[in-house]
Amino acid sequence: MNETKNFWEGKIPCWEMIKCSVYKTCPAYMNHKLPCWEIENTMCDEVLGTRKTCEFCIVYIKYAKSSS
């Protein structure tokens with residue numbers, strides 16, 4: 001994978017898909033090179049109100065599962 005590539009280029013970013021209100025402080029927003037499910041300590045728990053379980057997340061289902 002190209003180190004400078006933006007994973008979210010041409011995609012709806014996770015922070016938009018889940019309507020994140022704290023995205024500017026989230027590591028996923030600060031690192032556009034990786035998909036959110038590959039980044040530790042995202043704000044998903046706070047925003048979604050549950051423990052981060054990517055396999056059930058709409059972002060993961062749309063972008064990770066569809067590319068497998």
Starting at [atom1] of [X], measure out to [atom2] of [Y] and round the result to the nearest 0.5 Å.
{"X": "Cys20", "Y": "Leu48", "atom1": "SG", "atom2": "CG", "value": "8.0 Å"}
{"X": "Cys36", "Y": "Ile18", "atom1": "SG", "atom2": "CD1", "value": "7.5 Å"}
{"X": "Thr25", "Y": "Glu46", "atom1": "OG1", "atom2": "CD", "value": "7.0 Å"}
{"X": "Trp37", "Y": "Tyr63", "atom1": "CH2", "atom2": "OH", "value": "8.5 Å"}
{"X": "Lys62", "Y": "Lys11", "atom1": "NZ", "atom2": "NZ", "value": "10.5 Å"}

Report task. Give the C-alpha distance, both sets of side-chain angles, the deciding distance and a yes or no for side-chain contact (heavy atoms from CB on, under 4.5 Å) between Thr53 and Glu55. Result -> CA-CA 6 Å; Thr53 309; Glu55 65 188 54; 3.9 Å; yes
Closest heavy-atom contact between [X] and [Y]?
{"X": "Met17", "Y": "Ile58", "value": "O-CD1, 3.7 Å"}
{"X": "Tyr60", "Y": "Cys54", "value": "CB-O, 2.9 Å"}
{"X": "Val22", "Y": "Val47", "value": "CG2-CG2, 3.5 Å"}

Query raised in the report: Sequence neighbours excluded, which residues qualify as side-chain contact (heavy atoms from CB on, under 4.5 Å) partners of Ser21?
Result: none
Query - Qualifying residues under side-chain contact (heavy atoms from CB on, under 4.5 Å), relative to Ile61, sequence neighbours excluded - result: Lys65
**Report entry** Working for side-chain contact (heavy atoms from CB on, under 4.5 Å), residues Lys33 and Asn6
**Finding:** CA-CA 5 Å; Lys33 294 178 190 174; Asn6 178 350; over 6 Å; no
**Report entry** Trp8 and Cys14, any side-chain heavy atoms less than 4.5 Å apart
**Finding:** yes
Query raised in the report: What pairs with Tyr29 under ring-ring contact (aromatic ring centres under 6.0 Å, His included), at least two apart in sequence or on another chain?
Result: Trp15, Tyr23, His32
